[in-house]
Every structure is written in structure tokens, then in C-alpha cells.
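What you see below is based on every heavy atom in this structure, not just the backbone, and it leaves out hydrogens, waters and symmetry mates.
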Amino acid sequence: MVKLRLRRCGRKQRAIYRIIAIDVRSRREGKDLRKVGFYDPMKNKTCLNVPVILDFLKKGAQPTVTVQNLLKKVELFPSNQMKFN
């Protein structure tokens, strides 16, 4: 099963997160299938590759709770349709 989740990057005390598609059995820093965006909590900036994210979701990928909240935040989907779990 594939999940959309965050991978921590950046330096100490200045974390930046990449949003990646990864196999469930892989660890957080494991090999990803594809990078689909990033999130910078310090600048509150999010960049998403929307067509790729929609493609993964159609194929059955499950976003983690944090990624799901980021997708709601950028209004990629209405909040009543965000039930992927």
C-alpha cells in the first residue's frame, strides 16, 4: 500500500518537509516512489504537484493525517470529501 507522507529535510531547528509517495513498509527516510511537494512550517509555505497527487489518490494511496490537513488547508478538496481513511 502507498501512503502520502512527510519526510524531514533541512538543518537542525529549521525543518522543511517533503511530501512523498512511499510504500507503507518503508521507514520515514526510506526510498520514495515520487516527490509530490514540500511544506515549510517556518514560512508557512506549501508547494504541491496537484496532478500527481490526484493520480496517486485515484490509485488508492492514503494520505497521513498531517498531509490530509495540508491538502484541506490549500483547498485541494472540499473538507467533506477528504475521507480517504
Side-chain angles (χ1 to χ4, degrees):
M1 184 167 139
V2 176
K3 278 210 176 227
L4 297 175
R5 66 180 177 191
L6 299 177
R7 173 185 284 171
R8 190 179 195 278
C9 300
R11 60 183 195 193
K12 202 175 356 174
Q13 304 296 321
R14 299 259 183 207
I16 297 174
Y17 298 94
R18 285 189 182 149
I19 302 168
I20 59 171
I22 193 167
D23 186 31
V24 173
R25 296 167 292 196
S26 298
R27 56 197 172 109
R28 183 185 72 182
E29 303 300 328
K31 178 118 172 95
D32 56 25
L33 300 173
R34 180 125 190 226
K35 295 174 183 76
V36 295
F38 75 89
Y39 170 60
D40 186 356
M42 300 293 278
K43 296 179 183 174
N44 200 15
K45 186 175 178 183
T46 305
C47 180
L48 301 172
N49 190 345
V50 176
V52 176
I53 291 173
L54 291 175
D55 187 44
F56 273 112
L57 292 174
K58 285 179 187 174
K59 292 179 183 176
Q62 297 292 316
T64 59
V65 175
T66 308
V67 173
Q68 190 172 355
N69 289 337
L70 286 173
L71 294 177
K72 283 182 190 176
K73 187 175 173 183
V74 297
E75 298 175 356
L76 185 60
F77 296 105
S79 57
N80 60 356
Q81 292 181 358
M82 287 297 295
K83 295 178 182 170
F84 294 113
N85 295 337

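Legend: residues meeting side-chain contact (heavy atoms from CB on, under 4.5 Å) with K43, ordered by chain and number and at least two apart, are D40, K45. Remark: R11 engages no residue in a side-chain hydrogen bond (donor to acceptor under 3.5 Å, both in side chains) (not counting sequence neighbours). When the salt bridge (charged side-chain N to carboxylate O under 4.0 Å, His left out) test is applied to K35, the partners found at least two apart in sequence or on another chain are D32. Judged as a side-chain contact (heavy atoms from CB on, under 4.5 Å), and not counting sequence neighbours, the contacts of V50 are L48, L54, L76. Partners of T64 under the side-chain contact (heavy atoms from CB on, under 4.5 Å) rule, at least two apart in sequence or in another chain, are K3, R5, T66, V67.
V24 belongs to a hydrophobic cluster whose remaining members, ordered by chain and number, are M1; membership requires side-chain heavy atoms of ILVMFWY residues under 4.5 Å apart, directly or through intermediates.
Atom NZ of K73 and atom OH of Y39 lie 4.0 Å apart (nearest 0.5 Å). Put simply, CZ on F38 and CG on N49 are 12.0 Å apart, with the number rounded to the nearest 0.5 Å. The line from CG of L57 to CG of L4 is 5.5 Å long, rounded to the nearest 0.5 Å. Of the inter-residue distances, the one linking R7 atom CZ with I16 atom CD1 reads 14.0 Å to the nearest 0.5 angstrom.
Sorted by first then second residue, the salt bridge (Lys or Arg N to Asp or Glu O under 4.0 Å) pairs that include residues 60-69, not counting sequence neighbours, number zero. Evaluation of the salt bridge (Lys or Arg N to Asp or Glu O under 4.0 Å) test over residues 54-63, restricted to residues two or more places apart or in two chains, returns D55-K59. Sequence neighbours left out, the pairs with a member in residues 13-26 that pass salt bridge (Lys or Arg N to Asp or Glu O under 4.0 Å) are D23-R25.
Using a 4.5 Å heavy-atom threshold, the side chains of V36 and F56 count as touching.
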